[in-house]
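Atoms considered below: every heavy atom in the structure, side chains included; atoms not considered: hydrogens, waters and symmetry mates. Since the structure is predicted, the reported quantities are computational estimates derived from the model, not experimental observations.
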Amino acid sequence: MGKRSRQRQKNQNTGRDDRDNAGWGAGYADIVKENKLFEHYYKEQGLVPDGEFEEFMEAMREPLPATIRITGYKSHAKEILHCLKEKYFKDIQELEVDGQKIEAPQPLSWYPDEQAWHTNMSRKIIRKSPLLEKFHQFLVSETESGNISRQEAVSMIPPLLMKIESHHKILDMCAAPGSKTAQLIEMLHADMDVPFPEGFVIANDVDNKRCYLLVHQAKRLNSPCIMVVNHDASCIPTLQIESDGRKNVLFYDRILCDVPCSGDGTMRKNIDVWKKWTTSNSLHLHGLQLRIAVRGVEQLAVGGRMVYSTCSLNPVEDEAVIAALLEKSEGALELADSSADLPGLKWMPGVTSWKLMTKEGQWYSDWSEVPSSRHTQIRPTMFPPTDKDKLAGMHLERCMRILPHHQNTGGFFVAVLVKKAPMPWNKRYPKFSPLERPPPPPPISSPRLSPAEEGGSPQEGEAEKEAPTGDPSAQEAGANQDGVCGPPPSKKMKLFGYKENPFVFLTEDDPVFTTIQSFYDLSPDFPKLNVLTRTHEGKKRHLYMVSKELRNVLLNNTERMKVINTGVKVWSRNSDGEEFGCAFRLAQEGIYTLQPYIHSRIITVSVEDIKVLLTQENPYLSKLEEDAHAQAKKIGMGSIVLKYIPNPNNPAEPQCPIQLCGWRGKTSIRAFVPRNERFHYLRMLGVEVFRDKQGVGQKRRDGDKEGEGEEAKEEEEGAAAENEAELDLENGGENGSESKTASSNQETSR
């Protein structure tokens with residue numbers, strides 16, 4: 001682990017240059033893009049069609065185009081797309097810089113609804129044109145507010161192949177930095193009229209620090225259906241949920257298994273891979289990748305889909321893992337045919353034969369050729385199955401390999417697995433009662449798997465060992481006392497990183513709800529049990545909400561998992577609010593979740609009203625149009641909802657609902673909206689806004705300090721987070737992240 005950590009630090013020290021090259025065509029003049037071993041290896045493997053190898057290598061040496069994906073939920077995403085096409089892309093098409101005509105961004109042909117675009121514009125060109133600088137400011141600001149993600153094109157593929165529906169329980173096993181996780185969340189919330197989809201996303205990563213990057217990404221979507229946890233994916237614990245008064249094992253409908261890899265498909269943005277690449281990288285990672293994949297299919301529900309992906313082109317990390325998994329499953333898994341799922345995407349079918357090469361250049365075509373001295377580094381699962389009928393039955397050609405020169409992308413591999421039956425080592429014993437200890441699983445015998453090579457991957461039965469033995473009722477009473485879900489005790493598990501505050505669910509008769517209920521006229525079906533706070537003692541500063549299903553997971557797995565973050569903030573304490581009838585003001589993060597349950601303190605506003613509220617600090621009530629002014633005069637001082645309802649008869653106005661948190665003062669009214677969200681909504685309303693390097697943010701914060709103390713503090717914290725996010729964007733190829741290569745994200749070997 002120490003060696004890997006030092007390697008990670010070394011990578012981070014050179015990370016800025018590394019990432020500057022990612023997507024904007026800059027830098028790295030000092031690294032020669034040559035690796036004879038790499039060329040020799042892939043020529044011999046025959047992965048590239050005849051006559052295309054030189055084109056393949058030329059593409060690998062070219063900078064990767066910048067790609068952006070429009071995030072958010074459907075109606076808002078359409079408005080952002082309209083803004084991009086009408087205000088920016090049109091002007092860029094006619095633009096020339098230094099006599100060179102600028103190539104306008106183009107949509108990715110295979111991504112649905114034109115929600116993803118790519119461009120070859122370099123930073124140098126952007127700096128030379130004021131119009132392009134405006135476009136760049138737009139991208140930076142919209143990324144900070146979560147409406148656009150800078151994400152590599154091929155990274156967008158796995159979530160699209162998962163076929164997410166709003167009721168699915170989803171596990172993202174190696175989730176950081178979180179761009180794919182964001183896609184999964186968006187798909188859960190396809191219907192914006194449903195504040196709490198039945199499904200949820202549990203996003204896991206082994207690296208505690210990267211978990212916080214993951215939280216930052218997920219929080220931009222303001223979903224009550226996401227939980228971030230910190231575990232080694234190869235032995236991620238089996239969770240329980242309560243159903244009809246019984247404890248059942250949680251099986252996931254969809255699993256994304258985007259494993260750590262050697263990353264040779266990322267050479268176009270991670271230039272240091274050129275000098276560091278050797279065949280031993282894949283040999284070292286194969287066992288870990290297989291253990292993670294095995295753990296994934298164990299937790300997959302029968303009928304569910306698991307997508308396995310890597311940013312490596314190497315069959316040892318790709319088809320070899322899939323073949324070993326299929327053979328081990330004894331028919332419980334099958335590869336799905338996804339050839340028609342993404343029309344327009346060019347890909348090569350998976351291969352059925354490949355060879356292994358050591359870093360010294362020694363080739364092996366079969367396990368029988370490997371000398372015993374190499375048996376610790378080379379394992380039988382790294383080779384293709386020798387039984388031709390069994391190999392044909394696996395349909396490895398259904399795997400998808402994306403080559404960089406076909407559509408000007410990075411290299412990538414993806415395979416979709418469907419679970420047809422329980423895994424063989426799980427069905428050999430009868431189903432056990434949730435209150436009984438299961439017997440240990442039998443040893444798994446396979447001609448291609450040895451116990452040592454299996455790496456001691458815990459099976460579904462073994463995972464139950466994490467639960468303490470003894471009286472089950474006492475055990476559960478301890479876990480659920482006072483509705484508290486905190487991190488597991490240090491004696492139970494080895495935990496690293498920061499100590500998290502507990503997750504404390506409120507009861508229906510909590511005194512907090514007395515004033516909230518009457519002040520906001522909450523509907524009777526408001527799910528009070530889904531509200532939580534992060535403290536045992538003292539005044540509750542913030543209140544958060546999770547979905548009913550995530551509450552179930554939290555309450556029943558306190559001892560099993562380390563939760564980093566969950567829930568969306570819906571209320572924040574405001575010390576001045578008590579004199580107006582309620583100590584809690586609404587939080588913008590959770591307004592779309594909370595508003596359907598609120599029946600008072602709502603002001604319906606027009607486009608002109610929103611412009612006034614977002615461009616002036618504390619406008620007088622009289623600045624509002626007549627209708628909104630009349631509504632505001634009927635409402636007492638305190639927190640309010642400002643609601644815009646689209647008019648389908650006026651297509652010039654935004655056609656998506658807008659809900660803002662505000663404050664009704666004695667004679668004035670204001671919107672409590674973070675700076676970048678202000679910019680976002682103003683752009684949607686047709687107002688040109690440009691980022692002042694310091695003035696805008698400073699003015700906004702100074703103005704807030706004149707208002708309520710808590711609000712001013714939060715705005716300061718928010719501004720700091722926004723500044724950090726801007727730094728990330730400037731440095732990052734994929735929302736300020738590094739690639740998920742072996743050097744930057746290693747699971748611990750068990």
Side-chain angles (χ1 to χ4, degrees), residues 158-159 162 164-189 196-208 210-219 221-243 248-259 292-293 295-301 304-307 458 460 463 466 485-488 493 495 500 503 530 532 544-568 747:
M162 293 175 74
I164 302 294
E165 296 178 19
S166 62
H167 63 276
H168 283 154
K169 300 174 180 65
I170 305 164
L171 173 64
D172 190 349
M173 299 189 74
C174 309
S179 51
K180 299 181 188 71
T181 309
Q183 282 179 273
L184 300 177
I185 298 169
E186 291 162 34
M187 293 171 181
L188 272 186
H189 288 271
F196 290 106
E198 290 182 28
F200 57 76
V201 177
I202 294 179
N204 173 71
D205 202 82
V206 68
D207 189 314
N208 185 264
R210 283 170 65 90
C211 281
Y212 291 93
L213 177 60
L214 181 55
V215 169
H216 175 72
Q217 287 278 65
K219 271 187 172 293
L221 289 165
N222 298 325
S223 170
C225 303
I226 170 71
M227 179 191 294
V228 176
V229 299
N230 181 200
H231 289 281
D232 181 342
S234 64
C235 53
I236 189 169
T238 299
L239 303 183
Q240 289 186 342
I241 52 174
E242 189 172 305
S243 177
N248 295 311
V249 172
L250 171 60
F251 290 106
Y252 300 94
D253 302 297
R254 297 290 187 268
I255 293 180
L256 177 55
C257 186
D258 185 47
V259 296
I292 294 174
R295 191 65 186 132
V297 296
E298 285 175 351
Q299 303 214 10
L300 186 65
R305 293 165 75 92
M306 185 177 89
V307 172
E460 288 172 83
E466 295 180 19
C485 294
M493 300 170 61
L495 298 178
E500 296 299 324
F503 297 86
N530 295 4
L532 62 86
Y544 304 84
M545 287 194 76
V546 296
S547 65
K548 177 183 174 184
E549 289 71 19
L550 270 188
R551 179 182 186 274
N552 192 343
V553 174
L554 268 169
L555 287 177
N556 288 289
N557 297 281
T558 302
E559 299 291 328
R560 291 182 177 84
M561 63 180 182
K562 180 181 178 183
V563 180
I564 299 296
N565 194 276
T566 191
V568 59
E747 303 282 336

Original post:
Tell me, do H189 and P224 make a side-chain contact under 4.5 Å, heavy atoms counted?
Top reply: yes
Subject >> Check: I241 and V553 side chains under 4.5 Å, non-hydrogen atoms >> reply: yes
Hey, could you give me the [atom1]/[atom2] distance between [X] and [Y], rounded to the nearest 0.5 Å?
X	Y	atom1	atom2	result
D205	H231	CG	NE2	11.5 Å
N565	N230	CG	CG	12.5 Å
R551	M545	CZ	CE	11.0 Å
R210	Q217	CZ	CD	11.0 Å
L239	F251	CG	CZ	11.0 Å
Y544	T566	OH	OG1	11.5 Å

Subject >> Partners meeting side-chain contact (heavy atoms from CB on, under 4.5 Å) with A293 (sequence neighbours left out) >> reply: C257, M306, Y308, V321, L325
Can you name the nearest heavy-atom pair linking [X] to [Y], along with the distance?
X	Y	answer
E186	L221	CG-CD2, 4.0 Å
Y252	I170	CD2-C, 3.9 Å
G296	I255	O-CD1, 3.1 Å
C225	L550	C-CD1, 3.5 Å
G567	K219	O-NZ, 4.4 Å
R560	P237	O-CG, 3.1 Å

Answer yes or no: is there a donor N or O on one side and an acceptor on the other, between the side chain of [X] and the main chain of [Y], under 3.5 Å?
X	Y	answer
D253	G304	no
S166	L188	no
Q299	I236	yes
D232	V206	no
R254	M162	yes

**OP:** State which residues pass salt bridge (charged side-chain N to carboxylate O under 4.0 Å, His left out) with E549; sequence neighbours excluded, sorted by chain then number.
**Re:** none
**OP:** Could you go through the side-chain contact (heavy atoms from CB on, under 4.5 Å) check for N208 and K562 one step at a time?
**Re:** CA-CA 10 Å; N208 185 264; K562 180 181 178 183; 3.1 Å; yes
**OP:** Name all residues meeting the side chain to side chain donor-acceptor pair (under 3.5 Å) criterion together with N222; count only those two or more places apart in sequence or in a different chain, and write none if there are none.
**Re:** none
Subject >> Residues forming a side chain to side chain donor-acceptor pair (under 3.5 Å) with T181, sequence neighbours excluded >> reply: D172
**OP:** Mind running side-chain contact (heavy atoms from CB on, under 4.5 Å) on Q240 and N557 for me, showing each step along the way?
**Re:** CA-CA 6 Å; Q240 289 186 342; N557 297 281; 4.0 Å; yes
Original post:
Could you go step by step and tell me if L214 and N204 meet the side-chain contact (heavy atoms from CB on, under 4.5 Å) rule?
Top reply: CA-CA 9 Å; L214 181 55; N204 173 71; over 6 Å; no
**OP:** Could you check M227 against L554 for side-chain contact (heavy atoms from CB on, under 4.5 Å), going step by step and ending with a plain yes or no?
**Re:** CA-CA 9 Å; M227 179 191 294; L554 268 169; 3.6 Å; yes
